[in-house]
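Encoded as structure tokens, the structure appears first; notes follow it.
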Amino acid sequence: MKNQLFLFLILSAGCGSNPNDQRPHETERISLSNDTLTYTYQDFIKTSRYIIEHDDTVDTSFYRITYPQFTMAAFNSLIKSSIWIEGEDNSDDAAQNFIEGYEEFVEDPSTQMVTAPWFKDVRSIVCVNTPRVLSLKTEYYQYTGGAHGNTVVLWSNYDILKKKKIALSDIIAQDKYTELTKMAEKEFRKLENLADTASLGTDFFFEDGIFVLNDNFGFTKNSLIFFFNEYEIKPYSEGNTRIELPYTDLGDILNMQGRTYIKSIQ
């Protein structure tokens with residue numbers, strides 16, 4: 001691992017150096033005085049043994065991850081599937097799978113000459129950590145050839161006392177989904193500079209042009225977040241979409257449990 005890290009540091013100026021890619025740097029760690037779960041961020045890097053030389057640069061493929069590790073073992077197990085989304089048990093397994101995939105690709109006789117390295121960069125950060133709620137945002141940025149890399153952002157939320165994942169139905173009053181969707185659509189149209197009557201069926205991927213919410217949501221200090229990834233509701237060139245609904249606007253849309261969670265955050 002030390003040799004891999006040393007190699008990575010030497011090559012880091014070139015790793016993933018695709019001029020068409022700009023790696024997102026959105027980090028929103030909310031510092032709350034009543035944080036209850038203690039954790040430290042762990043960093044892990046694994047590189048391929050294959051070196052790629054291009055013009056005057058030297059590069060290699062790599063897997064890198066930063067993630068929180070909690071002192072309470074139960075929470076490390078609870079959040080595992082929200083960080084290693086392809087079913088791996090840990091960073092080493094995830095890295096090995098990715099690097100082996102690249103090296104099998106390189107070693108395949110039918111593969112044309114590889115001119116760019118692959119990389120996968122994962123960053124999982126704690127956005128909310130209160131006596132009741134843990135909210136994580138995990139960002140996956142991956143390049144495995146082609147014109148550009150792809151980014152996926154997933155939010156995951158947990159009830160700390162019950163040690164269970166929080167679903168949208170756990171926080172929204174049963175008869176208020178329509179009202180919540182209308183509120184989110186209004187914000188979406190504002191973000192996209194669309195009139196109230198403008199069609200959503202031409203430039204967006206909503207079925208029958210009808211706006212719907214997904215279940216990729218998270219908590220921040222002041223707002224409930226809904227996040228749509230690239231390709232989910234619009235073309236890659238248009239990027240992702242983040243809809244923020246202030247808690248102060250949600251009113252009775254939240255059920256009692258939802259209001260309890262929000263109260264613990266504010």
Side-chain angles (χ1 to χ4, degrees), residues 20-30 82 85 123-125 127-128 133 135-142 147-157 165-266:
N20 295 321
D21 287 331
Q22 291 187 351
R23 185 173 178 276
H25 293 286
E26 182 187 7
T27 56
E28 49 179 313
R29 168 70 174 98
I30 297 176
S82 296
I85 60 175
R123 289 189 177 185
S124 185
I125 63 173
C127 293
V128 164
V133 179
S135 190
L136 300 177
K137 186 184 74 169
T138 306
E139 183 177 291
Y140 308 84
Y141 185 45
Q142 178 172 300
H148 56 74
N150 292 297
T151 302
V152 173
V153 175
L154 298 178
W155 287 78
S156 307
N157 314 285
K165 199 166 186 177
I166 299 172
L168 190 58
S169 58
D170 293 327
I171 66 171
I172 303 300
Q174 190 172 5
D175 59 345
K176 296 294 183 178
Y177 280 89
T178 299
E179 187 175 343
L180 176 69
T181 301
K182 288 181 179 179
M183 183 183 297
E185 180 177 354
K186 182 178 180 180
E187 182 62 22
F188 175 76
R189 288 178 178 275
K190 180 180 177 181
L191 289 171
E192 299 294 332
N193 296 312
L194 296 173
D196 293 345
T197 57
S199 171
L200 298 181
T202 303
D203 298 322
F204 305 98
F205 303 153
F206 295 111
E207 188 174 354
D208 298 325
I210 299 173
F211 179 88
V212 293
L213 279 172
N214 61 13
D215 59 358
N216 190 12
F217 74 96
F219 299 99
T220 65
K221 185 175 182 180
N222 299 307
S223 302
L224 184 65
I225 302 293
F226 287 90
F227 198 94
F228 294 88
N229 283 293
E230 299 162 354
Y231 295 115
E232 190 172 352
I233 58 173
K234 53 189 180 182
Y236 173 85
S237 59
E238 297 298 318
N240 55 48
T241 300
R242 172 177 165 137
I243 297 175
E244 299 191 31
L245 303 179
Y247 300 136
T248 52
D249 294 344
L250 293 178
D252 61 358
I253 290 178
L254 295 170
N255 60 22
M256 185 177 295
Q257 185 68 72
R259 289 194 291 272
T260 299
Y261 291 150
I262 302 310
K263 185 178 180 180
S264 78
I265 295 171
Q266 294 185 308

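Nothing fancy with the numbering, it's 1 onward along the sequence.
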Interatomic distance, [X] atom [atom1] to [Y] atom [atom2] [nearest 0.5 angstrom]:
{"X": "Leu245", "Y": "Leu224", "atom1": "CG", "atom2": "CG", "result": "6.0 Å"}
{"X": "Leu200", "Y": "Phe206", "atom1": "CG", "atom2": "CZ", "result": "6.0 Å"}
{"X": "Asn255", "Y": "Lys176", "atom1": "CG", "atom2": "NZ", "result": "12.0 Å"}
{"X": "Ser135", "Y": "Ile265", "atom1": "OG", "atom2": "CD1", "result": "7.0 Å"}
{"X": "Thr178", "Y": "Glu185", "atom1": "OG1", "atom2": "CD", "result": "11.5 Å"}
{"X": "Lys186", "Y": "Ile243", "atom1": "NZ", "atom2": "CD1", "result": "13.5 Å"}

Return yes if some donor-acceptor pair links the side-chain N/O of Tyr247 with the main-chain N/O of Lys221 below 3.5 Å, else return no.
-> no
Measure from the side-chain N and O atoms of Asp170 to the backbone N and O of Gln257, and report whether any donor-acceptor pair falls under 3.5 Å.
-> no
Is atom CG of Asp175 surrounded by more than 12 heavy atoms (other residues, nucleotides or ligands) closer than 6.0 Å?
-> yes
CG of Asp196: more than 12 outside heavy atoms within 6.0 angstrom?
-> no
Restricting to non-hydrogen atoms, name the atom on [X] and the atom on [Y] that form the minimum distance, rounded to 0.1 Å.
{"X": "Leu254", "Y": "Arg259", "result": "O-NH1, 2.6 Å"}
{"X": "Met183", "Y": "Asp249", "result": "CE-O, 3.3 Å"}
{"X": "Phe205", "Y": "Tyr231", "result": "CD1-O, 3.3 Å"}
{"X": "Arg189", "Y": "Ala195", "result": "NH1-O, 2.7 Å"}
{"X": "Cys127", "Y": "Lys137", "result": "SG-CB, 3.8 Å"}
{"X": "Ser223", "Y": "Glu244", "result": "OG-OE1, 3.8 Å"}

For the pair Phe211 and Ile233, evaluate side-chain contact (heavy atoms from CB on, under 4.5 Å) and give the outcome as yes or no after the intermediate values.
-> CA-CA 9 Å; Phe211 179 88; Ile233 58 173; 5.8 Å; no
Return the orientation label for the Phe219 and Tyr261 ring planes: parallel under 30°, perpendicular over 60°, tilted otherwise.
-> perpendicular
In the structure I gave you, are the side-chain heavy atoms of [X] and [Y] within less than 4.5 Å of one another anywhere?
{"X": "Leu168", "Y": "Phe226", "answer": "yes"}
{"X": "Asn229", "Y": "Thr151", "answer": "no"}
{"X": "Leu154", "Y": "Asn216", "answer": "yes"}
{"X": "Gln142", "Y": "Asn150", "answer": "no"}

Take Leu250 and Leu180 through the side-chain contact (heavy atoms from CB on, under 4.5 Å) test and state the conclusion after the steps.
-> CA-CA 8 Å; Leu250 293 178; Leu180 176 69; 4.1 Å; yes
From CA spacing to verdict: side-chain contact (heavy atoms from CB on, under 4.5 Å), Lys234, Asp203 = CA-CA 7 Å; Lys234 53 189 180 182; Asp203 298 322; over 6 Å; no
Just do the side-chain contact (heavy atoms from CB on, under 4.5 Å) check on Thr181 and Val212 with the steps written out, would you?
-> CA-CA 7 Å; Thr181 301; Val212 293; 5.7 Å; no
Thr241 pairs by side-chain contact (heavy atoms from CB on, under 4.5 Å) with which of Glu232, Glu192, Glu187?
-> Glu192
All ring-ring contact (aromatic ring centres under 6.0 Å, His included) counterparts of Phe204, not counting sequence neighbours | Phe188
